[in-house]
Protein chains: 2
Amino acid sequence: MPLADAGSAAPATRAVVSSAAVLDAALTLFATRGYHGTALSQIAEALGIRTPSLYNHMRSKQALLETIVSRTLDDVLADFHAAVRDVPDPAERLRRATRVYALRHATHRREALVVNRDATSLPEPELSRIRERRREHEQAIRAIIADGTRRGVFSVGDPALASFAILEMSVSIARWFREDGARTAEQVADEFAEFALRIVRHRP
Amino acid sequence: MPLADAGSAAPATRAVVSSAAVLDAALTLFATRGYHGTALSQIAEALGIRTPSLYNHMRSKQALLETIVSRTLDDVLADFHAAVRDVPDPAERLRRATRVYALRHATHRREALVVNRDATSLPEPELSRIRERRREHEQAIRAIIADGTRRGVFSVGDPALASFAILEMSVSIARWFREDGARTAEQVADEFAEFALRIVRHRP
DNA sequence: CCTACCGATCGGTAGG
DNA sequence: CCTACCGATCGGTAGG
């Protein structure tokens, strides 16, 4: 039966796929080749199905990106609020906020790469809503830094610059972190939390 | 003469274009919409010419990206070496290396955005050569940090983590810096150089 | 610099 | 889940 297994794209058995599986395959491919650099045919091939079958599990390619970005931003904000809840001390708040953000970028690398690379490919009004959530997070970090500076436990010229630096150095973890590398995600997250406190010149 | 000015794509006079102009238009569009999100027809339209005319000034779309990325990386390395030449003190070396890198990301935002977003879209063997130059820069920063740590003027657990953090927080400047913003490129660069010294816990 | 044109591939639909 | 197919657009070439 040469036709039955002619090429790796033709599976021996008929594949069964879920929305979650489509999203996961899209996540991997978008993270690797970018949203515009990924064809739906590649997502289908990764799942062992034909392109039109994808439409049983999604509305459109764009909806896939929208779901990935939107969920990720919601999770980032939820992480943040859970991490700082009932923590009044600015230094401890900043440490926990940075740790959880850094940790997420080590453990959810694909999501982070897609959000950072391709979120701007979404159309309005989704794009504005996305920008608003990122802004919300940045402002929350900035507020912690401003609070600590006001109280004299931090020393920083411009809380906005410090918050950009802290957030973006953490985002970079998604670019180089390897699960089988020398340091665990937790070790990296702790170290970056320490960097954050150093940036705002917190005296331990 | 309705046909002569039907639509903004039809210029009144015949446009004359140079390789530099094509590269510049590509730079702007790649930075805004990404390499795969940009069509050659958009580059042509921005220049007021037809798509096939672009081929008088370039070899291919990919060659455009290659030129942008390659030149930018060469410039980054040249900047670095010029900045630290004849500066033996690790703290001053790190300050200057960070300042010049941060400054470049404020003044060459488009280049930085394209390199960071789309360099991986290049094929081998170009991709390896690009990675090698980025690695070279990262290793040079790491060596400064390791040197300062050895001499006891820095205190950092892992020079690699610190160098990633310093470089990547600087890269982020390209994402948010505005020429008409509250701070000049030089002010931002100085502040980020200070952040770098704080990350390695240099005592001033 | 242009018009005319190419094969390939894109996201998506019809219909089963 | 599939095959068959769609119009649109892609990067690029021929030839002037």
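By convention in this document, chain letters (A, B, ...) are assigned in the order of the sequence lines, proteins followed by strands, and residues within each chain are numbered from 1. Atom set for the values below is all heavy atoms of this structure, side chains included, hydrogens, waters and symmetry mates excluded.
- One interatomic measurement links the two molecules: CZ of B/Arg59 to C1' of D/dG12, which rounds to 13 Å at whole-angstrom precision.
- For an aromatic pair to be called close, the ring centres must be under 6.0 Å apart, and A/His137 with A/Tyr101 satisfies this.
- Here A/Ser60 lies in heavy-atom contact (under 4.0 Å) with sugar-phosphate atoms only.
- Between B/Phe164 and B/Ile141, the closest side-chain pair of non-hydrogen atoms is not below 4.5 Å.
- Along DNA chain C, the nucleotide closest to A/Ser41 and the one closest to A/Asn56 are compared, and the more 5′ of them pairs with A/Ser41.
- Per the geometry, CD belonging to B/Glu45 stands 13 Å off P belonging to C/dC2, to the nearest Å.
- With C/dT13, C/dG11, C/dC2 as the choices, the nucleotide that has an atom nearest any side-chain atom of A/Pro52 turns out to be C/dT13.
- The side chain of A/Ser53 approaches D/dC2 more closely than any other nucleotide in the set D/dC2, C/dC2, C/dC10.
- Distance, B/Tyr55 OH to D/dT13 C1': 9 Å, rounded to whole Å.
- Between A/Ile43 atom CD1 and C/dC10 atom P there is a gap of 11 Å when expressed in whole angstrom units.
- Counting any heavy atom pair closer than 4.0 Å across all strands shown, B/His57 reaches sugar-phosphate atoms only and no base atom.
- Taking a pair to require two hydrogen-bonding distances under 3.5 Å in either a Watson-Crick or a G-U wobble arrangement, D/dG12 pairs with C/dC5.
- Within the 4.5 Å cutoff, side-chain heavy atoms of A/Val188 are placed close to those of A/Trp176.
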